[in-house]
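For reference, the structure discussed in these notes is given below.
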Amino acid sequence: MDTDGHRLRQLLIARQLDEQITARFPVGRRLKVLDVAVRDGHQALRLARAGHRVTGLESDPELADAVRRTLLEEPEGIRERTRIIHEDSRNTGAHFLPGSFDVVLCHTGPAPGDEPGPLLAGLGRVLAPGGLLSLVVPNTEAAAMRQGLAGDWAGALERLAPADRALRRDALAAGLAGMSTPLHRWYGVQVFTAPGAPLPGGEEGELLLAAEERAGRTDPYRAVAALLHLCAVRD
């Protein structure tokens with residue numbers, strides 16, 4: 001279900017996420033994973049294939065059904081340890097008991113204009129002590145970069161207005177710390193390419209992936225990425 005335009009983004013996030021999982025949990029441990037707003041199911045299915053028990057929460061019934069259809073094509077063992085639930089993904093804490101999951105993913109929100117507090121509180125509530133929260137958000141502070149580089153000066157000027165403070169990295173870090181899930185590590189996702197950009201084949205694709213991966217963990221480049229990947233750990 002992963003479209004070509006999302007493949008680069010998904011690969012970068014997967015590598016960053018695996019780095020954090022490997023650093024935090026013993027090798028071979030089967031983790032309980034929640035993917036909030038599972039969308040196309042890429043990360044959920046990838047982690048289920050790696051042996052973890054995965055729950056996907058999706059508000060859109062058509063997307064939930066599409067992931068279920070894809071799941072039918074997987075081996076029995078993967079199907080048995082994966083479930084997709086159609087419920088409101090903005091109210092995670094209402095659907096599961098506190099501390100139910102070792103890893104919680106939320107890779108499609110909050111969006112600009114949203115109030116992230118309730119969403120973060122729900123994510124933190126279902127995360128076990130020592131658990132990992134993986135949150136991907138638009139980098140609102142660097143929103144003018146894409147328009148400027150593309151020569152869209154009107155768009156750049158519009159986005160040079162004060163950014164949505166609620167989604168700034170420092171504000172999100174403060175919110176996470178306030179719910180006992182302090183920010184542990186953060187990455188940039190797609191420093192040089194726009195969201196939805198395809199990954200070329202062959203050597204060109206390998207070089208692009210290597211450049212994006214290194215820039216996404218290096219200052220000052222990661223601060224102007226299209227997306228921010230925040231990894232926090234529950235106290």
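Values below: all heavy atoms of this structure, side chains included; hydrogens, waters and symmetry mates excluded.
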* To do: Check the pair L176 / L133 against side chain to side chain contact (heavy atoms under 4.5 Å, CB included), numbers first and verdict last.
  => CA-CA 10 Å; L176 290 167; L133 171 61; 3.6 Å; yes
* State, with a plain yes or no, whether a side-chain heavy atom of R68 is found less than 4.5 Å away from one of E58. => no
* Of all residues at least two apart in sequence or in a different chain, which pass the side-chain contact (heavy atoms from CB on, under 4.5 Å) check with D170? -> R168
For residues 191-208, which side-chain donor-acceptor pairs fall under 3.5 Å, sequence neighbours excluded?
unit_1: T193; atom_1: OG1; unit_2: Q190; atom_2: NE2; d: 2.8
unit_1: T193; atom_1: OG1; unit_2: E212; atom_2: OE2; d: 2.7

* Asked: Between D152 and R146, is there a salt bridge with N-O shorter than 4.0 Å?
  -> no
* Do the side chain of R81 and the main chain of A48 share a donor and acceptor less than 3.5 angstrom apart? -> yes
* **E141 bridged to R169 by N-O distance under 4.0 Å** => no
* Asked: By side chain to side chain donor-acceptor pair (under 3.5 Å), which residues pair with D235, not counting sequence neighbours?
  -> none
* To do: Answer whether the closest heavy-atom distance between the side chains of R185 and R217 falls below 4.5 Å.
  => yes
* To do: State plainly whether one hydrophobic cluster holds both V137 and W186, where clusters connect Ile, Leu, Val, Met, Phe, Trp and Tyr through side-chain heavy atoms under 4.5 angstrom apart.
  => yes
* Student check: side-chain heavy atoms of T92 and L34 closer than 4.5 Å -> yes
* Answer whether the closest heavy-atom distance between the side chains of L135 and P110 falls below 4.5 Å. => yes
* Asked: If you look at every heavy atom in S89 and L119, which pair is closest and at what distance?
  -> O-CD1, 4.0 Å
* To do: Not counting sequence neighbours, which residues clear side-chain contact (heavy atoms from CB on, under 4.5 Å) with R214? List them please.
  => T218
* **Side-chain heavy-atom pair T70, L45 within 4.5 angstrom cut-off** => yes
* Note: D18-R46 ion pair, threshold 4.0 Å (strictly below) -> yes
* Asked: Which atoms form the tightest heavy-atom contact between G51 and R30, and what is the distance?
  -> O-CD, 3.2 Å
* To do: Take L47 and L17, measure what side chain to side chain contact (heavy atoms under 4.5 Å, CB included) needs, and give me the verdict at the end.
  => CA-CA 10 Å; L47 291 170; L17 177 60; 4.2 Å; yes
* To do: Mind running side chain to side chain contact (heavy atoms under 4.5 Å, CB included) on S134 and Q20 for me, showing each step along the way?
  => CA-CA 9 Å; S134 171; Q20 293 302 310; over 6 Å; no
* Let me know which of R24, R53, R29, K32 forms a salt bridge (charged side-chain N to carboxylate O under 4.0 Å, His left out) with D102. => R29
* **Counterpart residues, side-chain contact (heavy atoms from CB on, under 4.5 Å), relative to L149 (two or more places apart)** => M145
* Evaluate the side-chain proximity of L123 to V36: yes if any heavy-atom separation is below 4.5 Å, no if none is. => yes
* **Any side-chain donor near an acceptor of the partner, R7 and Q10, under 3.5 Å** => no
* To do: State, without any angle test, whether E213 and Y187 hold a side-chain donor-acceptor pair at a distance under 3.5 Å.
  => no
* To do: Among residues two or more places apart or on two chains, list those pairs meeting ring pair (Phe, Tyr, Trp, His ring centres under 6.0 Å) that have a residue in residues 94-153.
  => F96-F101, H107-H229
* Asked: So do I13 and V136 actually touch side chain to side chain, heavy atoms under 4.5 Å?
  -> yes
* So do the side chains of L11 and L209 get within less than 4.5 Å of each other, counting heavy atoms only? -> yes
* To do: Tell me, with the steps shown, if L230 and L172 meet side chain to side chain contact (heavy atoms under 4.5 Å, CB included).
  => CA-CA 9 Å; L230 311 181; L172 289 169; 3.7 Å; yes
* Do T55 and R83 have side-chain atoms, one donor and one acceptor, less than 3.5 Å apart? -> yes
